[in-house]
Amino acid sequence: MRRGFARAAGLAALLGAFSLTVAAQTAQPTKTLRYSFRVAETGFDPAQISDRYSKTVAAGIFEAPLEFAYLARPYQLRPSTAAAMPEISEDFKTLTFRIKPGIYFSDDPAFGGKKRELTAADYIYSIKRHYDPALNSRNLYLLENVQILGLSELRKELMAAKKPFDYDREVEGLQLLDRYTFRVKLGVGDPRFINQFADSAFLGAMAREVVEYYGEKKIMEHPVGTGPYRLAEWRRSSRIVLEKNPNYREELYDEQPPADADPVLKAQAAKLKGRRLPLTERVEIAIIEENQPRWLSFLRHEADVLEEVPSEYVSIATPNGKLAPNLAKEGMRSVRFPYPEVAFSYFNMEDPVVGGYTPEKVALRRAISLAVDIDKEIRLPRRGQAIPAQGPFGPGTFGYRPDYKSEMSEYNLPKAKALLDLYGYVDKNGDGWRDLPDGKPLVIEYATQPDSQSRQLIEQWQKNMDALGVRIEFKTAKWPENLKSANAGKLMMWGVSWVATAPDGDTFLALGDGRAKGQANKSRFDLPAYNELYQKQKLLPNGPERQALMEQAAKLMIAYMPYKITVHRLFTDLAQPWVIGFDRNVFIRDFWQYVDIDTEQLKKQQAR
């Protein structure tokens, strides 16, 4: 009884907090968008963050030179702070960007009361920050892969000398041509490197004086950018509030939905044309890890958008794939889409139990993989909202083939048992559990989180491993804690997902790139043959030759099994009737500036 009362009280407190938000919004004329994250953020420094939720916030504050058009399909790059698309050499080794004059950072004490204009030097500085060893950037591999001339060498030189990173040292790969123009020179021509300049949570511009004013330890708490929003309030792991940046330049809504778009969305986009951005002046984000309170808050009209309806409620919200009649009657809208992602469990290749490249170690990982019942995972914890993954590429990216089949999705318990028997993973002491070939106990440790979805997923892992005769133990921690441990190589296994930030499969192959260990490559997989294929495919334009190399690399990943890639998830977003212009662009994190709030309709709903 006490436990039930405590849970009810906790839920009531969460919903009460939302009610206070509603009351505050009623009293304020500002247009506020309210929604929630399932996982807590870690901070807002582009050079130090790698998780989706922190990047989502950072994307609304910082700006990269380019961006993806919000409603365009197929996805299209366009200038953001750049005056035009960059000039790119025929060999893809030189990119020249010219920044629009008259763009200003949001006001901050670091600027001493003066307006601070964005310049080309800010982008050079921001790129260099990823090379600073003190920041331990998780995205450095994306830059080192293309070998920006002189930067890796500078980093290695200063590390060897145990000196701090020299931001004033000029390098050939980053050239300041004038106040608004900079050039990037690469050692490797990459036809798709341009996509990285549309990721504002990665290559968004930072002002050097802001970083120096707050220091590297505090800069995670003080993001200052040129984007449409500024950070107004932050209660760590609880609440994030963004407000319109008063210095944001004049940008007008000019989004073009595709010909086959929802007629309602078309009409809304036409109505918004010519309006000044951002349309939403304030964004309030609550951190709600449990699915039930997130779902209930939306039904009580205390959240304006529910991103990714929890799987246990999808059949209620959209039975048979259509919006439920009661929700449709209220005027709500639903958007269903596949994410360009892979969900997986990784094996730490440097772990003495599950890691290694010898036949018996490969056999252990492949046997564990074969024992995972993916169909049951999709049917039960994922409530049918996923499709089996055959390889490392996510839907909607180059490299993904819907007709591709592999052992990655195979469930074959007899085959898994036979494989373990063949390599000596048998019960040697008669306790009912398989042991290592040398007779020591075989125990798998799997990291997880305390939320309901994670609990349901590890229940399936428990059943799968029990059937295989392999003892598995679970270590529960908050997601940011697991991420920190994963980056440090301290977890044996962990289940997460990886999302593409551009419509290309390279980001998924980076999961196995040996140079990205501890960054994208959480498994710490490092196979020379794979690394060679990964580098070769990067140099080619999209086409059959590149596709063939990508599939060769994928086959090596499947054979050595550093990742058990299980599914590609399907999602449904819901928007309240007063939210105008909402759609899901999977390559844009910060949609807030493109949606409007019909405050009159909202007031009528609150008055009921």
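A side-chain donor-acceptor contact under 3.5 Å links D51 and T42. Using a 3.5 Å distance cut-off with no hydrogens or angles, the side chains of S89 and D91 do pair a donor with an acceptor. In this model, no donor atom of one side chain and acceptor atom of the other lie less than 3.5 Å apart for S485 and N487. Between the side chains of S137 and R129, no donor-acceptor pair of N or O atoms lies under 3.5 Å. Between the side chains of T507 and W498, at least one donor-acceptor pair of N or O atoms lies under 3.5 Å. A side-chain donor from one of S36 and R294 sits under 3.5 Å from a side-chain acceptor of the other. Counted by atom type alone, Y180 and E117 present one or more donor-acceptor pairs between their side chains at under 3.5 Å. A donor and an acceptor atom, one from each side chain of Y35 and D573, are nowhere located under 3.5 Å apart. For the residue pair N145/D190, the side-chain donor-acceptor check at 3.5 Å is not satisfied. E284 and T32 share no donor-acceptor pair across their side chains, judged by distance under 3.5 Å alone. Between Y534 and D506, the side chains place a donor N or O and an acceptor N or O closer than 3.5 Å (distance only, hydrogens not considered). T30 and R282 form no side-chain donor-acceptor contact under 3.5 Å, judged by distance and modelled atom types alone. Looking at S200 and E63, their side chains never bring a donor and an acceptor atom within 3.5 Å of each other.
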(request) Before giving the answer on salt bridge (Lys or Arg N to Asp or Glu O under 4.0 Å), spell out for R73 and D583 the whole-Å C-alpha distance, their side-chain angles and the decisive distance to 0.1 Å. (result) CA-CA 12 Å; R73 306 292 185 275; D583 195 36; 3.4 Å; yes

(request) Any chance you could lay out the side-chain hydrogen bond (donor to acceptor under 3.5 Å, both in side chains) test for R98 and T181, step after step, and finish with the verdict? (result) CA-CA 4 Å; R98 179 167 176 79; T181 310; 3.1 Å; yes

(request) For side chain to side chain contact (heavy atoms under 4.5 Å, CB included), just list the numbers for K538 and V188, CA-CA rounded to whole Å, side-chain angles, deciding distance to a tenth of an Å, and then say yes or no. (result) CA-CA 9 Å; K538 288 186 71 68; V188 175; 5.6 Å; no

(request) Let me see the working for R515 and D526 under salt bridge (Lys or Arg N to Asp or Glu O under 4.0 Å), right down to the final yes or no. (result) CA-CA 8 Å; R515 293 185 302 177; D526 195 355; over 6 Å; no

(request) Show your reasoning for whether salt bridge (Lys or Arg N to Asp or Glu O under 4.0 Å) applies to E209 and R116. (result) CA-CA 10 Å; E209 54 264 56; R116 171 60 157 82; 2.6 Å; yes

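The backbone N or O of Y141 sits less than 3.5 Å from a side-chain atom of Q519, completing a donor-acceptor pair. Remark: the backbone N or O of A502 is not paired with any side-chain donor or acceptor of N195 at under 3.5 angstrom. Checking side-chain atoms of K128 against main-chain N and O of R169 turns up a donor-acceptor pair under 3.5 Å. Looking at R230, its side chain never comes within 3.5 Å of a backbone N or O of S106 through a donor-acceptor pair. Side-chain atoms of Q268 come within 3.5 Å of backbone atoms of G581 as a donor-acceptor pair (strictly under, hydrogens ignored).
Evaluation of the salt bridge (charged side-chain N to carboxylate O under 4.0 Å, His left out) rule for R589 yields D199 as partners, not counting sequence neighbours. For K244, there are no salt bridge (charged side-chain N to carboxylate O under 4.0 Å, His left out) partners, not counting sequence neighbours.
Classified by interplanar angle (parallel below 30°, tilted 30° to 60°, perpendicular above 60°), the ring pair F97/F197 is tilted. Ring pair F508/F393 is perpendicular by interplanar angle, where above 60° counts as perpendicular and below 30° as parallel. Between Y53 and W479, the angle of the ring planes goes over 60°, which puts this pair in the perpendicular group of the 30/60° scheme.
Ring centers of F347 and Y563: at least 6.0 Å apart, outside the cut-off. Here the two rings, on Y339 and F337, have centers that are under 6.0 Å apart.
Residues L149 and L186 have side chains not in contact (no heavy-atom distance under 4.5 Å, counting atoms from C-beta outward). Within the 4.5 Å cutoff, the side chain of R275 has heavy atoms near those of the D596 side chain. Inter-residue side-chain proximity for Y346 and M493 is flagged as unmet; no heavy-atom pair is nearer than 4.5 Å.
The only option from Y70, F582, Y229 that meets the ring-ring contact (aromatic ring centres under 6.0 Å, His included) definition with W592 turns out to be Y229. Of the candidates Y131, Y167, F165, Y167 is the only one forming a ring-ring contact (aromatic ring centres under 6.0 Å, His included) with Y125.
Within 6.0 Å of NZ in K273 there are more than 12 heavy atoms belonging to other residues, nucleotides or ligands. The environment of E153 atom CD is dense: over 12 non-hydrogen atoms of other residues, nucleotides or ligands sit within 6.0 angstrom.
Using a cutoff of 4.0 Å between basic side-chain nitrogens and carboxylate oxygens, E67 and R78 are scored as salt-bridged. We find that E251 and K100 are joined by a salt bridge, their nearest charged nitrogen and carboxylate oxygen being less than 4.0 Å apart.
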